[in-house]
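Here is the structure we will look at.
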Amino acid sequence: MSHTANPAGSGDDKTRRDFLLIASAGMGVVGTALAVWPFIDSMNPAKDVMALAVVEVDLSPVAVGQAITVVWRGKPVFVRHRTPEDIEQARAVNVASLRDPEADEDRVIKPEWLVQIGICTHLGCIPKGQKPSDPKGDYNGWFCVCHGSHYDTAGRIRKGPAPLNLPVPQYAFLDDTTIQIGEE
C-alpha cells in the first residue's frame, strides 16, 4: 500500500491553518477586551457625581411670590412660587408673537410653580430676578443685566439678544410640596 503525502497547502492543512488563525485572533480580541474593560469602566461617573444628577427640593417654605435657587448638575435652577397675577400675565401672551413660541402651560406641571434653568440663552449669564430687590425687566420675570435680555413670568424671552426661553429641566412632583429635578 503506497502512501502519498499531500502537497503543502492542500485542503486539510489549509483548513486547519485557517481555523487556528481565526481561533487565535478571536482569543486575542477577547483577551484584549477583558484587559481593557476595567479602564473603560473607570471612565463612568462616580456614584457621588451620579447623586448630583437628581435633586429633591422641599417647596413647603417657599411662600407665594417667592423664588429660590437650587443647584443641579452645577447649574442654577430657578424655582418660583408664582402669584395668580404672574400666571395670568404669562397666559395672556399671544404665543405666536414670541421669538421662541411656547405656551405657559407647556412650561409648567402645576401653574403656581415655575422651574427653569437660570442661565441666559444668549451668552450664559445668570439673569437677575430671584431676589425681591433684583430688577425683573420689562415683563416682571428675569433680566440679564449683561446684555439686556428680558424674560417674562414664564421664563420666555421677550426682549433683547437671547434667542431662546430659559430651559425647563426634567422634573416631577413627588408629592404636593416636593419636586425631583433630573432623573435617576
Side-chain angles (χ1 to χ4, degrees), residues 45-184:
K47 289 185 191 221
D48 60 338
V49 172
M50 289 304 289
L52 296 175
V54 175
V55 175
E56 285 187 20
V57 182
D58 179 13
L59 302 174
S60 59
V62 184
V64 175
Q66 276 189 323
I68 61 170
T69 302
V70 296
V71 177
W72 172 67
R73 294 185 178 174
K75 300 174 187 171
V77 175
F78 295 166
V79 180
R80 184 180 282 182
H81 194 168
R82 299 192 301 175
T83 65
E85 295 79 24
D86 290 339
I87 298 166
E88 185 179 322
Q89 280 180 345
R91 294 197 171 173
V93 173
N94 176 5
V95 176
S97 70
L98 298 174
R99 182 178 309 162
D100 184 11
E102 195 173 12
D104 180 63
E105 295 87 346
D106 296 335
R107 296 181 54 79
V108 296
I109 295 173
K110 293 184 177 185
E112 65 273 18
W113 293 104
L114 178 64
V115 179
Q116 61 193 354
I117 297 173
I119 298 176
C120 181
T121 58
H122 178 232
L123 291 175
C125 305
I126 310 290
K128 299 284 186 185
Q130 286 296 90
K131 298 177 186 172
S133 61
D134 280 353
K136 295 188 180 349
D138 293 349
Y139 301 92
N140 197 33
W142 291 265
F143 175 62
C144 185
V145 296
C146 301
H147 302 101
S149 293
H150 296 253
Y151 296 91
D152 67 9
T153 59
R156 299 174 297 200
I157 184 63
R158 300 291 297 278
K159 180 179 174 185
L164 302 171
N165 302 330
L166 294 175
V168 175
Q170 180 181 3
Y171 74 98
F173 277 85
L174 301 178
D175 57 41
D176 287 340
T177 60
T178 309
I179 60 170
Q180 175 181 295
I181 302 171
E183 65 182 351
E184 293 183 54

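- Atom CD1 in I157 sits 9.0 Å away from atom CG in D152 (nearest 0.5 Å).
- Taking CG of D58 as the reference point, atom OG1 of T177 lies at 5.5 Å (rounded to 0.5 Å).
- Residues F78 and I126 have side chains in contact (heavy-atom distance under 4.5 Å, counting atoms from C-beta outward).
- The backbone N or O of I68 lies less than 3.5 Å from a partner atom in the side chain of Q130, making a donor-acceptor pair.
- Atom NZ of K110 has more than 12 heavy atoms from other residues, nucleotides or ligands within 6.0 Å.
- Residues satisfying the ring pair (Phe, Tyr, Trp, His ring centres under 6.0 Å) criterion with F143, sequence neighbours excluded, are H150.
- Within the 4.5 Å cutoff, no side-chain heavy atoms of I87 are placed close to those of T153.
- T83 contributes atom OG1, which lies 11.5 Å from atom CD of E112 (distance to the nearest 0.5 angstrom).
- The side-chain heavy atoms of Q116 and Y151, taken from C-beta on, include no pair separated by under 4.5 Å.
- Put simply, the side chain of D104 reaches to within 4.5 Å of the side chain of R156, judged on heavy atoms.
- For the atom pair L174 CG and E56 CD, the distance stands at 5.0 Å (nearest 0.5 Å).
- Taking 4.0 Å as the cut-off between side-chain N and carboxylate O, K136 and D86 do not count as a salt-bridged pair.
- Across all non-hydrogen atoms, the minimal contact from P135 to V145 is CG-CG1, 4.3 Å.
- Here the side chains of I181 and V70 are in contact, with some heavy-atom distance below 4.5 Å.
- The side chain to side chain contact (heavy atoms under 4.5 Å, CB included) test with L59 singles out one residue from D175, I179, T178, and that residue is I179.
- D100 has its side chain out of reach of P163: every pair of non-hydrogen atoms, C-beta onward, lies at least 4.5 Å apart.
- Atom CD of E88 is surrounded by 12 or fewer heavy atoms from other residues, nucleotides or ligands within 6.0 Å.
- Nearest heavy-atom pair, I119 versus P167, reported as atom, atom and distance to 0.1 Å: O-CD, 4.3 Å.
- In terms of heavy atoms, P76 sits closest to T69 at CB-CG2, 3.8 Å.
- Side-chain contact between V57 and V62 is absent, with no heavy-atom pair separated by less than 4.5 Å.
- Contact record, G118 with P127: O-CD, 3.5 Å, taken as the closest heavy-atom pair.
- Sorted by first and then second residue, the ring-ring contact (aromatic ring centres under 6.0 Å, His included) pairs with a member in residues 117-138 read H122-H147; sequence neighbours excluded.
- Shown here for R80 and G129, the closest heavy-atom pair between the two residues is NH2-O, 2.8 Å.
- The shortest distance between side-chain heavy atoms of N140 and E85 does not fall below 4.5 Å.
- Scanning both residues, A53 and W72, for their nearest heavy atoms gives O-NE1, 2.8 Å.
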